[in-house]
Structures are given as structure tokens and as C-alpha cells.
Amino acid sequence: MKIVITQKLPFEIEKYLQGFTLDYNKTDRDLTMDELKVKISDADGLICMLSDRIDKSIIDAGQKLKVIANYAVGYNNIDVTYAGQKGIVVCNTPDVLTETTAELAVALLLSVSRRIVEGHKFVEEGKFVGWKPELLLGTDLYKKTVGIFGFGKIGQTIGRILKGFDVKILYHTRHKNFQAELLTGAEYTDFEKLLKESDFIIIAAPLNESTKHKFTINEFKLMKKTAILVNIGRGPIVKENDLYFALKEKIIRGAGLDVFEFEPKIYEGLFELNNVVMLPHIGSASEETRKAMAKLCCDSVIDVLINKNKPIYSVN
Ligand code: GLV
Ligand code: GLV
């Protein structure tokens, strides 16, 4: 049986998947759609990245395909419905990356609120010539209100971690979650109140029809002028040129972004601003977690192809 793996993973793939024929892209470049179509034409399994768009044409090309394991928790890059119609199991990698991604959200939040990156540049450029009472003043989390948009496992874990900062936590998501409220002390609110009352807003939602462009200039105008926005979910949840305008015109105070609307392309104006911290989509990027995600993808493939079981993390 043949498995296509679209990028090199930090895991002993060849050893773990011995017995399978592997078509393993160990180069550091993405496969083109055409290359992928050729490769999966005789494949039984596919391990792909969030940067691979698995649309109908790719799924149709995989005539023997039985399982797609996405090396990510989000799976908006895959036409899951169509895969399901074709009897293909689609899997993702939740749970193993929850803490890692939540930690990054907090790191990004503090980077913006305490101007960590600006400070680093300042020192690097040799500008630190003396302590000053008004040098690089940031803003505290302590006793402020944090609004979490999307309160799945990652959102809840961000809430649990932030409890230690003694903040008030609001959340907005499709369904009120009493258990999560007990765990985090968070309070459910409608979207408008989340925008109006939060000092910090963290987006931890998946991308779907209801979250796409949820944050536009209208929402930024409802937010506090002192508010900081962090996005560790998916780029298209935020209308990026509107965010640029809001940051430039100081409609909100700052932003921390791990994801972008058209990544890896970034709205160019953002590079000119010093009230934004940008990361190259590294939410789950710890050594431990990326390895665990790889093992999980392999296990999903083995479950479907060898054990004929439903894998624990199938999304269809
Ligand atoms: C990362 O963005 C993921 O969905 O795992
Ligand atoms: C995913 O983005 C989650 O909220 O768990």
C-alpha cells in the first residue's frame, strides 16, 4: 500500500510506516497541485499539511484513496464533505497541540502588550543608552478583561492559563459551555459585548462559513481604542486590510498574528507598523508537539488501512 507524505516531518516516518510504500517529499518546497495529483493517483493514504489545498480535483485524482490525515487541527484546507461522499476518512491532530498552541497565544499576547519585539529591536539597534521612566510603556493584563473568540479546547486552555494573570475572561462561541466555564471561570457573552468590553481579544476559532471575515472594520470600531487583538486561529477570520487600517489609524492599539488571510502572503502595509507582532504560523511548533502530531497522522493511516478501525480523530 502506498502513502504520500507532502512534507518532511520531525518523526521517524520510514521506520514507523515500514511495510508501506512511501512517496515522501523530503524537499523543503510544497508540492504543486499537479505533482500531488500524479503522486496520489495510486495512493491508499495521504498525510498532508494545512498548506496543501485538498479540493475535489485532488480527491478525484486519488482513485484508491481511503484516508487523508491532515497534519493540523484545522481542516478547512480539505473538502471534507466531498471526501466523505467518496468514502475517504479525513483525520486531524487535535489534543496533542492544544497546550502548545495556547502557550503561543499567550506569548503573542504578552509580546504585544509589553512590546517585547520593539524592545528587542531597540536594544539590537544600540539605542539602549539609559533607563527612562517612559521607555516602551506597555499595558497590563492584571485585572483586565480578555475575550476569547472560539472556545474549543485551545480557547479553553488559553482561558485556563490566563486565569493566573487574574483577568476576567469572556468567551463567545456557537454553544455556551458550562463545563468549560467551571474550568476557566469564563463567562459567555454575545459577540457585540465581547467586542465592546474586552481589553484583549484572542481568536481561537476554526475557519468556516460563520467565522470568515468575522472581524472587519465595523468590529474594530466597536472594540476599545486600547484593545489588542491576537489571532492564532485562521487568517481569513480577520479581514486583513481592515486590520491594517485599524492599526494604522489607532482604532485599536495593537495586534499579534500567527496566521494571515492569504498566507504566506501578508498585507504589505503591516510591515510598516510597530504595533503588530507577526509570526509564521508556528502555533503548534514545539519539538514535542510536532513529533506527536506526526505519530498521530501515521496512526490514523494505519488505523484505516491496516486495522480497519475508525481512527480516534476522524472529522467525517
Ligand atoms: C494549525 O494551525 C493547525 O490547525 O494545526
Ligand atoms: C480550535 O481552533 C479550537 O478552538 O479547539
Side-chain angles (χ1 to χ4, degrees), residues 5-11 13 30 46-55 67-80 83 89-109 111 148-158 161 173-174 201-215 229-238 240 243 255-266 277-301 311-316:
I5 304 152
T6 66
Q7 294 222 17
K8 181 159 180 321
L9 302 177
F11 185 59
I13 290 283
D30 291 0
L46 170 66
I47 297 178
C48 59
M49 310 302 125
L50 56 88
S51 45
D52 297 312
R53 191 158 55 85
I54 309 299
D55 63 7
V67 54
I68 300 173
N70 204 39
Y71 189 65
V73 63
Y75 46 84
N76 54 286
N77 57 310
I78 302 174
D79 191 334
V80 174
V89 182
V90 179
C91 305
N92 66 340
T93 62
D95 292 354
V96 295
L97 49 59
T98 300
E99 300 287 336
T100 305
T101 309
E103 284 181 11
L104 188 92
V106 175
L108 204 41
L109 179 58
S111 301
I148 303 177
F149 177 74
F151 213 54
K153 287 171 190 152
I154 296 171
Q156 290 171 40
T157 302
I158 294 169
I161 295 172
T173 190
R174 267 182 293 188
I201 292 185
I202 303 179
I203 301 174
L207 175 63
N208 53 43
E209 285 310 313
S210 73
T211 60
K212 185 167 181 203
H213 282 180
K214 191 79 179 172
F215 289 79
L229 179 74
V230 167
N231 188 4
I232 53 104
R234 281 292 181 269
I237 297 172
V238 174
E240 202 163 289
L243 176 62
L257 307 172
D258 186 43
V259 290
F260 301 87
E261 188 171 4
F262 303 106
E263 68 185 52
K265 280 222 294 276
I266 294 177
V277 173
M278 299 184 279
L279 296 176
H281 202 153
I282 55 169
S284 64
S286 73
E287 289 170 11
E288 299 90 337
T289 291
R290 286 288 166 85
K291 186 172 166 185
M293 289 164 65
K295 180 171 180 297
L296 194 52
C297 285
C298 292
D299 286 337
S300 298
V301 167
I312 24 176
Y313 296 120
S314 63
V315 300
N316 64 347

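Ligands are counted one by one from 1 in listed order, and the atoms in each one are counted from 1 as well. Counting begins at 1 with the first residue of the sequence. Not measured: the values here are computed from a predicted model.
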State, yes or no, whether a side-chain contact exists between R53 and N77 at a heavy-atom distance under 4.5 Å.
no
Can you find a non-hydrogen atom of M293 under 4.0 Å from ligand 1?
no
Using a 6.0 Å cut-off, check whether atom OH of Y75 has over 12 heavy atoms from anything other than its own residue.
no
Run the numbers for me: atoms of ligand 1, each under 4.0 Å from some heavy atom of G74, listed by number.
3 (C), 4 (O)
Short question: side chain of N70, backbone of V73 - any donor-acceptor pair under 3.5 Å?
no
Which ligand 1 atoms, with their elements, are less than 4.0 angstrom from a heavy-atom of H281?
1 (C), 2 (O)
Is there side-chain contact between I158 and L109, with heavy atoms separated by less than 4.5 Å?
no
In ligand 1, the atoms that come under 4.0 Å of a heavy atom of V73 are 3 (C), 4 (O), 5 (O)
Ligand-side contact atoms (ligand 1) for residue partner L97, heavy atom cut-off under 4.0 Å:
5 (O)
So for ligand 1, is G233 a polar contact partner (N or O within less than 3.5 Å, distance only)?
no
Compute the shortest N/O to N/O distance between R234 and ligand 1 and return yes if it is under 3.5 Å, no if not.
yes
Judged by atom type as modelled, is there a donor-acceptor pair below 3.5 Å linking the side chain of T289 to the main-chain atoms of A285?
no
Report yes if some heavy atom in the side chain of K212 is under 4.5 Å from a heavy atom in the side chain of N76; otherwise report no.
no
Is the contact between V259 and ligand 1 made by the side chain, the backbone, both, or neither, using heavy atoms and a 4.0 Å cut-off?
neither
